[in-house]
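Step one of this worksheet: look at the structure below.
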Amino acid sequence: MVKETSGVLVNGDPSILTYIKHVCGKHQEVQVRKVEQLDAQHVFCAGQGLDKWLEEKIDAFAARNMLEPPEDTATFQGPAQAPAKGKGKRGQKRSAASASSRADVG
């Protein structure tokens, strides 16, 4: 037999649903008779006067846990040219003077 129960069906992400189950278990302001998780995105809360109370609790939770936009915005200007590592062109041999000066240093 089907029973009709008045309450609030909440759709949200797992963090919101976990928070709802938490505050409904530790409430003082309203009478929550039952909190039942229906699936990964829905929770049903049965009780009197839950509409406004749950909305205020969820809005406060979301405001505290909202990601803030970054203060500095990143700008991209296109590909950068890598600085040249050597003095000579690729495939050219070094002179004997530069090769001997490097050998003396190391």
Working to the nearest 0.5 Å, report the span between CG of Asn11 and CG of Leu38.
10.5 Å
What verdict does the side-chain contact (heavy atoms from CB on, under 4.5 Å) test give for Thr18 and His22, after you've listed the backbone C-alpha separation in whole Å, the side-chain angles of each residue and the deciding distance to 0.1 Å?
CA-CA 6 Å; Thr18 302; His22 172 73; 5.7 Å; no
Are side-chain heavy atoms of Leu9 and His42 found at a separation under 4.5 Å?
yes
Determine the minimum heavy-atom distance between Val35 and Lys21, stating which atoms define it.
CG1-CG, 3.7 Å
Here the pair of heavy atoms bringing Pro14 nearest to Ala40 is CG-O, 4.5 Å
The reported gap from NZ in Lys52 to NZ in Lys57 (rounded to nearest 0.5 angstrom) is 15.5 Å
Side-chain heavy atoms of Trp53 within contact of Val23, under 4.5 Å:
yes
Taking all heavy atoms of Leu17 and all of Gly12, pick out the closest pair and write down the distance.
CD1-O, 3.7 Å
